[in-house]
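Step one of this worksheet: look at the structure below.
From a predicted model like this one, the values you see are computed outputs, not experimental measurements. All residue numbers refer to positions in the sequence shown, counting from 1.
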Amino acid sequence: QAIVDTCDRAGVLLMTAFPMRFSPPLLEIRARLQAGDFGQVYCFNATNQGELPTKHRTWFVDPVLAGGGAIMDHTVHLVDIMRWFLGAEVSSVYAQANRIFHADEVSVETGALEMLTFTDGSFATIDASWCRPPYWPTWGGLTFEMVTQRGAVVVDAFRQNLTVYSHDQQRANWAFWGSDINQAMISEFAAAIQGQRPPSVSGIDGLRAVEVTLAAYESVRTGEQITL
């Protein structure tokens, strides 16, 4: 909130780094939603899973620097996508978390299940976990099943790849051939600056996703459903 308020007062452009907004599969689904192809959205069954991030960025498992563990790492991206698709806000959150994965390595939660209700009556589950083994072909992933009035849509945002098997590495790797969502996100930020216009992802979008994430932690702490 302080960041949003400070940028507003100073007239500084603020964009939240949500690269999944620039994923072609997700852009395709949103366009078809807006065109009315699917009708009303009833619910989401979503996952944001990855490996323990210590190999790439050790501060992600520091409760002071990161603010938490797998919930903090994974919740915001799916919450943002759901808000973007529905045009509705999260009204309540219930969550449970544990350290079944990597219990002897970190002190933060490594797995969680979150249940969200939205102001339009739709609902969602999010599996936010560091459940992937260290030899998994990629650092993470994002999937969801979206149940709608006209059927179910299954989305995997990281399927633009080839599976490569190597004698040298003795393991499978994913060679990505598709879109670069990080580059697309940075290009949008640069274009917003050059065009002196609001970016497609705002500071408020980041704030709303963080509010839901903190509500999930409060639910874990209290064992109660949290109303936003």
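Note on ring orientation: taking the six-membered ring where Trp is involved, the planes of Phe85 and Phe44 are tilted (angle from 30° to 60°).
Residues Leu207 and Leu214 do not share a hydrophobic cluster, clusters being chains of Ile/Leu/Val/Met/Phe/Trp/Tyr side chains in contact below 4.5 Å. The cluster map of Ile, Leu, Val, Met, Phe, Trp and Tyr, joined by side-chain heavy atoms under 4.5 Å apart, puts Leu27 and Phe144 in the same cluster. Both Ile29 and Val79 are part of a single hydrophobic cluster, where members link through side-chain heavy atoms under 4.5 Å apart. In terms of hydrophobic clustering, with Ile, Leu, Val, Met, Phe, Trp and Tyr side chains grouped at heavy-atom distances under 4.5 Å, Met20 and Met146 are assigned to a common cluster. Criterion: ILVMFWY side-chain heavy atoms under 4.5 Å apart, direct or through other members. Under it, Leu116 and Tyr94 are not part of a common hydrophobic cluster.
Checking side-chain atoms of Gln149 against main-chain N and O of Gly39 turns up no donor-acceptor pair under 3.5 Å. Distance alone, capped at 3.5 Å, places no donor-acceptor pair between the Thr58 side chain and the Thr54 backbone. With Ser219 contributing its side chain and Ala215 its backbone, the two residues share no donor-acceptor pair below 3.5 Å. A donor-acceptor pair is defined here as one N or O able to donate and one able to accept, closer than 3.5 Å; such a pair exists between the side chain of Thr148 and the backbone of Phe38. For Thr163 (side chain) and Trp174 (main-chain N/O), no donor-acceptor pair under 3.5 Å exists by modelled atom type. Side chain of Arg150 to backbone of Gly36: a donor-acceptor contact under 3.5 angstrom is found. For Thr119 (side chain) and Glu89 (main-chain N/O), a donor-acceptor pair under 3.5 Å exists by modelled atom type. Under a 3.5 Å cut-off, the side chain of Ser122 and the backbone N or O of Phe118 do not form any donor-acceptor pair.
In summary, the side chains of Trp84 and Asp205 do not present any donor paired with an acceptor at a separation below 3.5 Å, with no hydrogens or angles considered. In the model, Thr222 has no side-chain atom that pairs as donor or acceptor with a side-chain atom of Glu218 under 3.5 Å. In this model, a donor atom of one side chain and an acceptor atom of the other lie less than 3.5 Å apart for Thr75 and Glu114. Residues Gln49 and Asp127 have side chains that bring a donor and an acceptor to within less than 3.5 angstrom of each other. Side-chain contact check for Ser179 and Gln160: at least one donor-acceptor pair (N or O, by modelled atom type) lies under 3.5 Å. Counted by atom type alone, Thr117 and Ser91 present zero donor-acceptor pairs between their side chains at under 3.5 Å. Remark: the Tyr217 side chain and the Glu109 side chain contain an N/O donor-acceptor pair separated by less than 3.5 Å.
Looking at every heavy atom in both residues, Met72 comes nearest to Gly67 through CE-O, 3.5 Å. When all heavy atoms are compared, the tightest approach of Lys55 to Pro134 is NZ-O, 3.3 Å. Of all the heavy atoms in Asp120 and Ala88, the pair that sits closest is CG-CB, 3.8 Å. Here the closest non-hydrogen pair linking Trp130 and Glu51 is CD1-O, 3.6 Å. The two atoms that bring Thr213 and Val76 nearest to each other are OG1-CG1, 3.3 Å, heavy atoms only.
Distance check: Met115 CE to Gln225 CD gives 9.5 Å after rounding to the nearest 0.5 Å. Here the CZ atom belonging to Phe18 is positioned 14.5 Å from the CD atom belonging to Glu188, to the nearest 0.5 angstrom. Atom SG of residue Cys131 and atom CG of residue Leu52 lie 11.5 Å apart, to the nearest 0.5 angstrom. Taken from CG in Asp156 to CZ in Phe158, the straight-line distance is 8.5 Å, to the nearest 0.5 Å. Rounded to the nearest 0.5 Å, atoms CD (Gln196) and CD (Gln194) are 10.5 Å apart. In this structure, Ile81 CD1 and Leu142 CG are separated by 7.0 Å, a value rounded to the nearest 0.5 Å.
Around atom CZ of Phe176, more than 12 heavy atoms belonging to other residues, nucleotides or ligands sit under 6.0 Å away. With a 6.0 Å radius and a threshold of 12 heavy atoms from other residues, nucleotides or ligands, Ile204 has its CD1 atom above the threshold. The local environment of CD1 in Ile193 is crowded, with over 12 non-hydrogen atoms from other residues, nucleotides or ligands closer than 6.0 Å.
Each of Val90, Leu78, Asp80 was checked for a side-chain contact (heavy atoms from CB on, under 4.5 Å) with Val212, and the lone residue meeting it is Val90.
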Task: Worked check of salt bridge (Lys or Arg N to Asp or Glu O under 4.0 Å) between Arg99 and Glu105 - done: CA-CA 10 Å; Arg99 286 196 299 127; Glu105 299 177 64; over 6 Å; no
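Counting heavy atoms from C-beta outward, Thr47 and Ser129 have side chains that stay 4.5 Å or more apart. In this structure, His77 and Pro19 have side chains that are in contact, with non-hydrogen atoms separated by less than 4.5 Å. Counting heavy atoms from C-beta outward, Ser200 and Phe22 have side chains that approach closer than 4.5 Å. Residues Val220 and Ile71 have side chains in contact (heavy-atom distance under 4.5 Å, counting atoms from C-beta outward). Residues Glu211 and Leu228 have side chains in contact (heavy-atom distance under 4.5 Å, counting atoms from C-beta outward). The shortest distance between side-chain heavy atoms of Arg21 and Arg30 does not fall below 4.5 Å.
The cationic atom of Arg57 (NZ for Lys, CZ for Arg) lies less than 6.0 Å from the six-membered ring centre of Phe60 and within 45° of the ring axis.
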